[in-house]
Number of protein chains: 2
Amino acid sequence: MSSKITIHDVARQSGVSIKTVSRVLNREPNVKADTRDRVQAAVAALHYRPNISARSLAGSKAYLIGVFFDNPSPGYITDVQLGAIARCREEGYHLIVEPIDSTAADLEAQIAPMLATLRMDGVILTAPVCDHPVVLAALEREGVPYVRISPGGELDRSASVGMDDRLAAYEMTKHLIGLGHSDIGFIMGHPDHGASRARHQGFMAAMADSGLTVRSERVEQGYFSFRSGFEAAERLLGGEDRPTAIFASNDDMALGVMAVANRLRLNVPETLSVAGFDDTPGAKVVWPQLTTVRQPISAMAGAAADMLLNGVTWEEGDAPPSKLLDFELVIRESTGPAAT
Amino acid sequence: MSSKITIHDVARQSGVSIKTVSRVLNREPNVKADTRDRVQAAVAALHYRPNISARSLAGSKAYLIGVFFDNPSPGYITDVQLGAIARCREEGYHLIVEPIDSTAADLEAQIAPMLATLRMDGVILTAPVCDHPVVLAALEREGVPYVRISPGGELDRSASVGMDDRLAAYEMTKHLIGLGHSDIGFIMGHPDHGASRARHQGFMAAMADSGLTVRSERVEQGYFSFRSGFEAAERLLGGEDRPTAIFASNDDMALGVMAVANRLRLNVPETLSVAGFDDTPGAKVVWPQLTTVRQPISAMAGAAADMLLNGVTWEEGDAPPSKLLDFELVIRESTGPAAT
DNA sequence: ACGCAATCAGACAGCGCTGTCAAGAATGAA
DNA sequence: TTCATTCTTGACAGCGCTGTCTGATTGCGT
């Protein structure tokens with residue numbers, strides 16, 4: 001156990017005051033270059049590392065960023081964490097992860113203590129927690145800045161980052177239409193998830209813009225789960241009268257569609273084209289591989305962390321900062337020309 | 001922003017000293033029941049929450065547990081986090097996640113500062129980081145206790161939790177044999193991952209115990225990835241002479257096998273049985289659903305956290321504590337009777 | 001009733017750092 | 001040269017809590 005070496009040791013070693021060492025460590029101005037070099041040499045020589053608890057107790061920063069999530073897909077969570085961490089590391093911040101059960105009755109009692117004890121410098125919220133009124137209220141009451149990733153509404157309540165779900169769905173639909181499909185089924189996402197509506201709108205708009213009508217029985221309600229996609233697909237593909245393509249609001253559901261197609265011996269993409277959304281790892285793990293939309297998840301989380309680290313603020317009355325990142329259509333083998 | 005209320009306020013409100021409040025908060029003995037109640041009432045009334053930085057600076061605990069990982073599957077990571085958090089919350093601890101790039105040349109420089117600044121109370125290590133000599137050495141030098149999940153070797157170097165990979169593979173193989181299969185292909189896992197060898201051994205042992213011989217061309221090297229499973233399956237299933245069942249060392253590779261089977265129009269399980277290992281979310285997201293082994297990942301992480309929270313220690317010379325949890329064979333539709 | 005041990009409560013000194021303020025050194029303008 | 005500025009540094013007081021030690025109560029045996 002390396003006996004902890006303190007700022008004091010560095011000060012002694014470099015012949016300056018403890019406060020000057022602190023200044024160097026925090027990149028404060030007004031330190032002579034020569035002095036700074038001496039201090040940095042001592043820091044390196046002693047392998048000195050500031051104690052985060054002491055820093056945050058004495059100062060105003062905690063060097064901690066939180067990530068709240070309520071079990072969306074594991075791949076999503078992991079990407080968010082990686083994106084946020086990458087940015088935090090550069091600044092010496094660390095990530096606290098907090099799974100939130102947004103259906104819990106005592107949600108308030110769960111997170112309020114946590115916010116108060118940790119006093120994090122900021123929190124990144126993912127769907128669906130990012131739209132949960134109790135969570136947002138608690139954050140605001142405790143004065144903890146937060147950035148939401150792909151919030152479903154109340155865009156002017158906080159800073160946020162996201163992507164244009166509507167446009168992405170629009171373009172994917174156009175891709176299908178361009179392939180010759182005119183009878184396309186759509187599976188909606190979970191109604192609590194903000195992106196669901198945007199994706200549905202994008203689909204409808206693309207159809208309308210191409211002069212295509214959407215029969216109401218071609219739109220099914222799903223819940224973002226494999227099972228819900230599977231069941232929706234059974235309804236969509238059960239009879240003789242079936243669409244030539246199905247666009248599911250996320251990959252898990254698209255995978256459910258593929259499973260049904262497989263079971264019904266409908267060849268993908270010859271008989272049925274299938275498109276998903278998210279580009280989860282699972283998309284590459286089916287055969288044929290899934291055409292989908294790649295969300296810049298890591299980048300969104302990185303941008304969120306960035307806002308937090310730079311101190312998101314905005315004028316009362318102005319719209320809070322918000323960043324829209326680019327998505328990417330990933331065309332793989334599950335979509336093909338419509339059978340004629 | 002709720003103006004921070006301190007232990008001082010609670011002391012005043014309940015008419016006791018600040019130290020007594022501290023005693024109540026830390027469940028220390030020698031506090032009269034009556035006094036404790038008064039203090040607790042004040043705590044509740046004021047919504048007081050101790051400041052974690054102050055606590056860890058003054059005391060010896062940091063209330064922080066770390067989780068190190070180097071991108072195994074997202075599902076695995078998430079399960080580990082959930083399992084660890086559940087246990088940590090009960091004790092008021094929080095989780096710091098740190099992705100580690102174990103191939104980085106400056107690994108030491110990456111983690112040493114982190115260990116020194118955070119002074120975590122313990123760290124949970126997952127494969128493959130749990131077998132990385134530099135990481136282990138750094139942890140030991142800094143005196144940070146750690147528990148490894150499914151380590152690949154050096155079992156007496158630290159406390160660990162795991163499951164009996166060898167036995168699980170043995171039983172899965174027996175399941176296949178019981179179905180009438182005698183010509184079974186096996187895809188090994190990543191050589192750096194400790195469990196790979198155990199699973200291979202279990203497979204070989206079960207075959208030998210049943211008087212079956214394994215032709216060397218029936219055992220392929222894989223790397224736990226979908227792609228490696230896919231390629232191994234192509235070799236295994238490419239010719240006329242093919243096994244009637246394939247046991248892949250993890251689900252991702254098994255999914256690769258299924259994709260190849262699909263492509264070759266080999267019906268699963270009629271013509272080919274496929275078994276995986278891990279029970280990742282993907283296992284349920286294929287059709288037919290995958291027969292696999294369920295690892296108690298959350299439970300293992302919970303047990304690891306538990307050891308850390310209770311202070312893992314062992315006598316010099318004794319074997320460190322180690323906990324083996326139960327696995328479970330999950331028989332789904334991808335395995336069936338051997339074609340006769 | 002008395003004495004001794006066990007139980008309970010408080011005073012006090014930091015933990016390792018940063019914020020504030022004030023003093024000394026260096027610079028520039030007059 | 002002198003005085004006003006700016007730059008550079010250090011002394012000092014905590015941040016909010018816990019560990020230690022000491023003093024005040026209580027219980028109980030005789």
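Heavy-atom basis, side chains included; hydrogens, waters and symmetry copies ignored. In what follows, chains carry the letters A, B, and so on, assigned in the order in which the sequence lines appear, proteins first and then strands, with residues in each chain numbered from 1.
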What is the distance, to the nearest angstrom, from the CD1 atom on I7(B) to the C1' atom on dG10(C)? 13 Å
Which pairs of donor and acceptor atoms, one on a side chain in residues 27-35 of chain B, lie under 3.5 Å apart (sequence neighbours left out)?
none

Between Y48(B) and dC17(D), is there a contact of a side-chain N or O with OP1 or OP2 at under 4.0 Å? yes
Under 3.5 Å donor-acceptor pair, K4(B) side-chain atoms to dG16(D) base atoms: no
Please give, in whole Å, the distance from dA11(C) P to I18(B) CD1? 10 Å
Could you tell me, to 10°, how much the axis swings from one end of the helix from dA1(C)-dT30(D) to dA30(C)-dT1(D) to the other, five pairs per end? 30°
Choose from dG16(D), dT18(C), dG16(C) the nucleotide whose nearest atom is closest to any side-chain atom of A54(A). dG16(C)
So R36(B) and Q40(B), side-chain contact (heavy atoms from CB on, under 4.5 Å) or not? Walk me through it. CA-CA 6 Å; R36(B) 177 171 39 245; Q40(B) 280 169 340; 3.7 Å; yes
Separation of dG19(D) P from L57(B) CG (nearest whole Å): 12 Å
Could you tell me how far apart H8(A) (NE2) and dT18(C) (P) are, to the nearest whole angstrom? 14 Å
Nearest to the side chain of K19(B) - dG19(D), dC17(C), dG16(D)? dG19(D)
Measure CG/L25(A) against C1'/dG19(C) and give the value in whole Å, please. 15 Å
Contact under 4.0 Å: N26(A) side-chain N or O vs dT18(C) OP1/OP2: yes
N/O contacts under 3.5 Å, protein versus nucleotides 6-9 of chain C?
residue : atom : partner : partner atom : Å
dA9(C)  : OP1  : T35(B)  : OG1          : 2.3
dA9(C)  : OP2  : K32(B)  : N            : 3.1
dA9(C)  : N7   : R23(B)  : NH2          : 3.3

With a 4.0 Å cutoff (strictly under), does any side-chain N or O of T6(B) reach OP1 or OP2 of dG16(D)? no
